[in-house]
Amino acid sequence: MPAAAGQTPHNLPGDVKRNPWRVAAAVCIVCLGLGFVVALYAIGLTDKSAGARDYIEYWAAGQVLVRGGNPFDPETVFQLERANGWDKDFPQVSLSPPIILLLAWPLGHTTPKTGLILWLLASLGCIAASVGIAWRLYGNSQSSLHLVAFAFPPALGCMMAGQLGNFFLLEVALFLYLHRSRPWLAGAALVLFALKPHLFVPCFFVLLLWSAARKDFRVLAGFLASLAACCGIVTLLDPQAWRQYQQMLHSTRITDAFIPTAAVAFRFLVHRQARWLEFLPEAGACLWAVWFFLSRRARWNWLDEGLLLLLVSLACAPYGWYYDQALLFPAILAGLYRAEHSRISLLLFVLIAAAGLAGVFGHIQPTSVYYVWTASAWLLWYIFATWVSRSSAVTSEISAAAV
């Protein structure tokens with residue numbers, strides 16, 4: 001069962017005593033599994049495999065950066081991408097702020113295939129680490145529900161595309177695990193959220209209010225210190241990075257494209273040219289988030305109310321991709337634990353996940369309208385699963401009182 005309010009990962013029940021032989025066996029199994037995955041990637045992947053994934057945008061940016069060029073220049077990046085298997089007629093350039101160069105720079109020292117293998121291993125490692133953290137967060141449960149992460153459609157899609165969602169997943173898991181015991185580290189763990197801040201605006205407002213209500217700003221300080229350090233390193237790697245990024249944004253027509261979010265769909269349905277319309281859902285989410293926190297500030301728990309806030313943030317985001325939903329897994333896992341005895345809840349989860357898997361393995365383009373409903377579906381499912389759990393608890397209490 002999920003941790004109760006106020007519990008920390010270190011005082012959860014059911015801690016498993018460590019047997020050195022079992023630990024050694026687990027380490028051997030992990031090493032063998034890692035070796036198998038590396039061998040599989042080495043045999044099955046080629047340089048052209050890298051060019052067929054979104055990952056190529058990070059590799060190309062890293063190559064240009066290492067050579068002293070402008071990693072945000074679409075034409076330069078496009079030439080490298082086309083030479084290494086990218087078959088589209090437009091460049092794949094990252095719209096993330098220059099902090100992305102911290103991830104791209106190591107790739108500038110690799111071939112496309114080697115870089116892809118390292119990227120996929122890092123993405124898989126993020127999922128595995130998040131699974132371990134989730135297992136601890138939810139009381140070292142004997143259930144195997146946490147292993148669903150390896151088949152969670154957005155996480156799988158993120159790996160296949162070579163995108164960032166699984167890195168965000170690990171950051172969410174680390175924050176939930178550390179925010180009470182290691183607030184500085186919990187804040188520092190959130191630094192990559194600066195790559196897609198629009199996904200977390202309501203969460204950031206609540207983080208500010210939560211810190212002020214507790215008069216404890218260590219989480220925010222950890223985040224700002226980590227962000228300042230990252231910005232400093234980026235400036236050392238490319239002193240012109242921020243100016244180059246600004247120029248790229250001015251020349252990019254991303255707002256003319258259809259992004260499969262409910263906010264963009266709303267704008268296209270009402271008035272395609274009125275771009276301000278797609279920010280209305282997020283503005284509403286921010287107002288709701290402030291009310292939601294203030295009405296619960298005395299008992300706020302990031303493992304409960306915070307998960308619902310995260311789901312609302314992604315459902316109302318003005319810009320995002322299906323792969324970004326990988327970071328929702330801690331919330332999805334909480335819903336699964338809370339309603340694991342509800343057949344309807346589990347059936348709905350399977351249907352939503354199956355539709356996502358169909359999109360991922362059916363190679364439906366990430367820009368397709370097919371994905372518009374997905375973030376909202378996870379939110380509605382979570383609300384239903386939580387309601388089922390609370391209804392069951394109330395029924396059990398009434399039955400116990402009657403006896």
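As a basis for the values below, the full set of heavy atoms in this structure was taken, side chains included, without hydrogen atoms, waters or symmetry mates. Residues take their numbers from the sequence shown, with the count starting at 1.
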Peer 1: Does a side-chain heavy-atom distance below 4.5 Å link Val93 with Glu57?
Peer 2: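 With C-beta onward as the side chain, the pair stays apart.
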Peer 1: Please output the side-chain donor-acceptor pairs of residues 154-172 that fall under 3.5 Å, not counting sequence neighbours, one pair per line with the distance.
Peer 2:
residue	atom	partner	partner atom	Å
Gln163	OE1	Tyr58	OH	2.8
Gln163	NE2	Asp54	OD2	3.3
Asn166	ND2	Ser123	OG	2.7
Asn166	ND2	Ala155	O	3.3
Glu171	OE1	Leu192	N	3.4
Glu171	OE1	Phe193	N	3.2
Glu171	OE2	Val191	N	3.4
Glu171	OE2	Leu192	N	2.9

Peer 1: Side-chain contact, heavy-atom cut-off 4.5 Å: Phe150 with Leu124?
Peer 2: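 A side-chain contact exists here, since the closest heavy-atom pair is under 4.5 Å.
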Peer 1: Quick one: closest heavy-atom pair of Tyr370 and Trp373, and the distance?
Peer 2: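 Residues Tyr370 and Trp373, closest heavy atoms: O-NE1, 2.5 Å.
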Peer 1: State, yes or no, whether a side-chain contact exists between His198 and Lys196 at a heavy-atom distance under 4.5 Å.
Peer 2: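 Side chain of His198 against side chain of Lys196, heavy atoms only: contact under 4.5 Å found.
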Peer 1: Would you say the side chain of Phe72 lies within less than 4.5 Å of the side chain of Leu101, judging by non-hydrogen atoms?
Peer 2: yes
Peer 1: Apply side chain to side chain contact (heavy atoms under 4.5 Å, CB included) to residues Cys203 and Leu310 and explain how you reach the verdict.
Peer 2: CA-CA 7 Å; Cys203 294; Leu310 185 65; 4.1 Å; yes
Peer 1: Can a cation-pi geometry be assigned to Arg182 and Trp184, taking NZ or CZ under 6.0 Å from the six-membered ring centre and within 45° of the ring axis?
Peer 2: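 No; the conditions do not both hold, so Arg182 does not lie above the ring face of Trp184.
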Peer 1: Should Ser130 and Phe329 count as side-chain neighbours, where that means a heavy-atom distance under 4.5 Å?
Peer 2: no
Peer 1: For atom CD of Gln246, is the number of surrounding heavy atoms from other residues, nucleotides or ligands below 6.0 Å larger than 12?
Peer 2: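 No, not enclosed.
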Peer 1: Would you please classify the geometry between the Trp300 ring and the Trp302 ring as parallel, tilted or perpendicular, with 30° and 60° separating the classes?
Peer 2: perpendicular
Peer 1: If we only count heavy atoms from C-beta on, is the Arg272 to Phe258 side-chain gap below 4.5 Å?
Peer 2: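 Contact flag for Arg272/Phe258 side chains = no.
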Peer 1: Of all the heavy-atom pairs spanning Phe152 and Ile332, show the shortest one and how long it is.
Peer 2: CZ-CG1, 3.9 Å
Peer 1: Looking only at heavy atoms, which two atoms of Ile99 and Trp242 are closest? And how far apart?
Peer 2: CG1-CH2, 4.5 Å
Peer 1: What are the two closest non-hydrogen atoms of Val77 and Pro71, and how far apart are they?
Peer 2: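 That closest heavy-atom pairing would be CG2-O, 3.5 Å.
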Peer 1: Kindly determine whether Gln325 and Trp378 satisfy side-chain hydrogen bond (donor to acceptor under 3.5 Å, both in side chains), including the steps that lead there.
Peer 2: CA-CA 9 Å; Gln325 295 171 30; Trp378 290 126; 3.3 Å; yes
Peer 1: Could you walk me through whether Leu103 and Ile100 pass side chain to side chain contact (heavy atoms under 4.5 Å, CB included), step by step?
Peer 2: CA-CA 6 Å; Leu103 298 178; Ile100 192 63; 4.0 Å; yes
Peer 1: Measuring only between side-chain heavy atoms, which start at C-beta, is Glu81 closer than 4.5 Å to Pro91?
Peer 2: yes
Peer 1: Would you indicate whether Phe205, at its atom CZ, is surrounded by more than 12 heavy atoms from other residues, nucleotides or ligands within a distance under 6.0 Å?
Peer 2: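 Counting other residues, nucleotides and ligands, CZ of Phe205 stays at 12 neighbours or fewer.
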Peer 1: Is there a side-chain contact between Asp73 and Val64 in this structure, where contact means two heavy atoms from C-beta onward sitting under 4.5 Å apart?
Peer 2: no
Peer 1: Return yes when atom CD1 of Ile383 has more than 12 non-hydrogen atoms of other residues, nucleotides or ligands closer than 6.0 Å, and no otherwise.
Peer 2: yes
Peer 1: What pair of heavy atoms forms the shortest contact from Pro318 to Val264, and how long is it?
Peer 2: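 So the two residues come closest at O-CG2, 3.2 Å.
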Peer 1: Are there over 12 heavy-atom neighbours, none belonging to Trp210, within less than 6.0 Å of that residue's CH2?
Peer 2: yes
Peer 1: State plainly whether the residues Arg82 and Asp89 are in salt-bridge range, i.e. N to O under 4.0 Å.
Peer 2: no
Peer 1: Is the CZ atom of Phe292 crowded by more than 12 outside heavy atoms at less than 6.0 Å?
Peer 2: yes
Peer 1: So which atom in Leu80 and which in Asn84 form the shortest heavy-atom distance, rounded to 0.1 Å?
Peer 2: O-ND2, 2.8 Å
